[in-house]
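Encoded as structure tokens, the structure appears first; notes follow it.
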Amino acid sequence: MTTKSILISGASIGGPALAFWLHRYGFDVTVVEKAHEVRRGGQAVDFKGPIHMTVLQRMGILSAVEAASVPSEDGALVNAKGRRVGVIPGAFAGGEINVPRGDLAHILYDLTADTCEYVLGNSITSLTETADGVDVTFVNGAPRRFDVVLGADGMHSNVRKLVFGPEADYVTHLGYSYALATIDAGADDVMYNEPGRMAALGGLKAPAFFVFASELLPSRDDLDAQKQQMMDAYAGGRWRLPELIGRIPSSPDFYMDSISRATLDHYSRGRVALVGDAAYGNALGGFGTGLALVGAYVLAGELAKAAGDHGTAFEKYEEKFRAYASISQKVNAGRLLAPATKLGIVARNILFTSLKVFAPLMRIFDSPAKNITLEDYDATLRAPHVA
Ligand SMILES: Cc1cc2nc3c(=O)[nH]c(=O)nc-3n(C[C@H](O)[C@H](O)[C@H](O)COP(=O)(O)OP(=O)(O)OC[C@H]3O[C@@H](n4cnc5c(N)ncnc54)[C@H](O)[C@@H]3O)c2cc1C
């Protein structure tokens, strides 16, 4: 095997999923994560269709994920007086299995923590490729050398920035931002819209979930500035908006990001490849977690099949995965969640409420989610160390 040691950046979904398969195929795996613990938080993310279920099953975590799942129920669309004007179908908010993102990250971490080295609270500062490896320096600790480095560090990927170039070359801001907050706003599952802004309470997504049109990118790493940006976007609102906005300054786990899409002509460069949101993310598109999980499965499988020949493996990963990941290039969830006009809101409400129209649309929308033939790498490889 030419590749033995692999460094993965990011311990959310794609990173630990890669770690699981790579260890299983006999690689030495190290995962570096910027946060000091595997992060909790985030909305419920969803899995649907036979491809997702097959990968979960092959990882042996389908029942654990099902056990952690939360139900996907219909919610209410309300007007400024709080009167119900339509329905948000559970089928829109979730898939067949909806699992809180943080719980899923912990299931994947628990699966790999004993067999892979996790370095938490650290981050890569430079990657220098040589003829026989990648020399890596870190914010903390001594430099190390790995055969291959994989970036599973999300939409704002550090590995992508270090190896491929600035984020602006690969990430397109789609004109909206979203914010999640835990505020005591009642348990009702409701969603309210004004042109270019939406607030949803309760339900699957988060205790309070906001999507709003904004050409501004949220300021990075400055929570107070983010909160201010969000509160400005909701100024002068009706319904419960003034009350909700008033609670934002004291919200303990506020999270805000832009709705953006990552587009890369190639998922790899030299000994470095990207998986998940770093390579084909699209915030709130509803398929990022499935793509990360399946992408990790294919990338790890191809590395094992090519006996660690990273050049061959990365080429195959790209060839097999690009069409499947194409769904990430097609949608802008902001337009659907926060239509720009009153007419757009009415049309969206009719679409949501009319389940007869909605069900076939959902099937068309989800069709690329089947656009891959999953190889059974375990069976192909017949690796002696496979349990
Ligand atoms: C805290 C959090 C909350 C989220 N909430 C939602 C949500 O509510 N709804 C939704 O649809 N999606 C959410 N996501 C994104 C969702 O998890 C991904 O779209 C999807 O699961 C693909 O996962 P990924 O592993 O590719 O990337 P991500 O889940 O984004 O994970 C990237 C990981 O890399 C880590 N990282 C970032 N920079 C560095 C660095 N320099 N060095 C090392 N590690 C680094 C991050 O801390 C994170 O753990 C959230 C992600 C996070 C991290």
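Ligands are counted one by one from 1 in listed order, and the atoms in each one are counted from 1 as well. Any value given below was found using the heavy atoms of this structure, including those in side chains, with hydrogens, waters and symmetry copies removed. In this text the structure is predicted, and so the values were computed from the model without any measurement.
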Check whether any heavy atom of S9 sits under 4.0 Å from an atom of ligand 1.
yes
Distance filter under 4.0 Å to G154 heavy atoms, resulting ligand 1 atoms:
27 (O), 30 (O), 32 (C)
Below 3.5 angstrom, do we get any N/O pair linking L180 and ligand 1?
no
Within a distance under 4.0 Å of any heavy atom of V32, pick out the atoms of ligand 1 and give their elements.
43 (C), 44 (N)
Report the part of N158 (side chain from C-beta onward, or backbone N, CA, C, O) that has a heavy atom under 4.0 Å from ligand 1; answer both or neither where that applies.
side chain
With a 4.0 Å cut-off on heavy atoms, does G281 reach ligand 1?
no
Y267 vs F321 aromatic rings, parallel, tilted or perpendicular, using cut-offs 30° and 60°?
perpendicular
What I want to know is whether Y255 and ligand 1 share at least one N or O pair that is separated by under 3.5 angstrom.
no
Would you check whether Y178 has a nitrogen or oxygen atom less than 3.5 angstrom from a nitrogen or oxygen atom of ligand 1?
no
Report yes or no: does R144 contribute a side-chain atom to a donor-acceptor pair with the main-chain N or O of V136 at less than 3.5 Å?
no
Of all the atoms in ligand 1, which lie at a distance below 4.0 Å from a heavy atom belonging to I13?
21 (O), 23 (O), 25 (O)
Out of R101, E33, R39, indicate the one that has the non-hydrogen atom closest to atom 52 (C) of ligand 1.
R101
For G276, atoms of ligand 1 separated by under 4.0 Å from a heavy atom
26 (O)
State, without any angle test, whether Q228 and D232 hold a side-chain donor-acceptor pair at a distance under 3.5 Å.
yes
Which one of V190, N349, D74, L77 satisfies the side chain to side chain contact (heavy atoms under 4.5 Å, CB included) criterion with I88?
L77
According to the interplanar angle, ranging from 0 to 90°, do the rings of W21 and Y25 count as parallel (below 30°), tilted (30 to 60°) or perpendicular (above 60°)?
parallel
Please work out, at 4.0 Å between heavy atoms, whether the side chain, the backbone, both, or neither of A152 comes within that distance of ligand 1.
backbone
Is there a path of hydrophobic side-chain contacts, each under 4.5 Å between heavy atoms of I/L/V/M/F/W/Y residues, joining V78 to F210?
yes
Is the closest N or O pair between G14 and ligand 1 shorter than 3.5 Å?
yes
Note: R145-D132 ion pair, threshold 4.0 Å (strictly below):
yes
Report yes or no: does Y234 contribute a side-chain atom to a donor-acceptor pair with the main-chain N or O of M198 at less than 3.5 Å?
yes
For Y255 and Y178, take the angle between the two ring planes, folded into 0 to 90°, and tell me which bin it lands in: parallel under 30, tilted 30 to 60, perpendicular over 60.
tilted
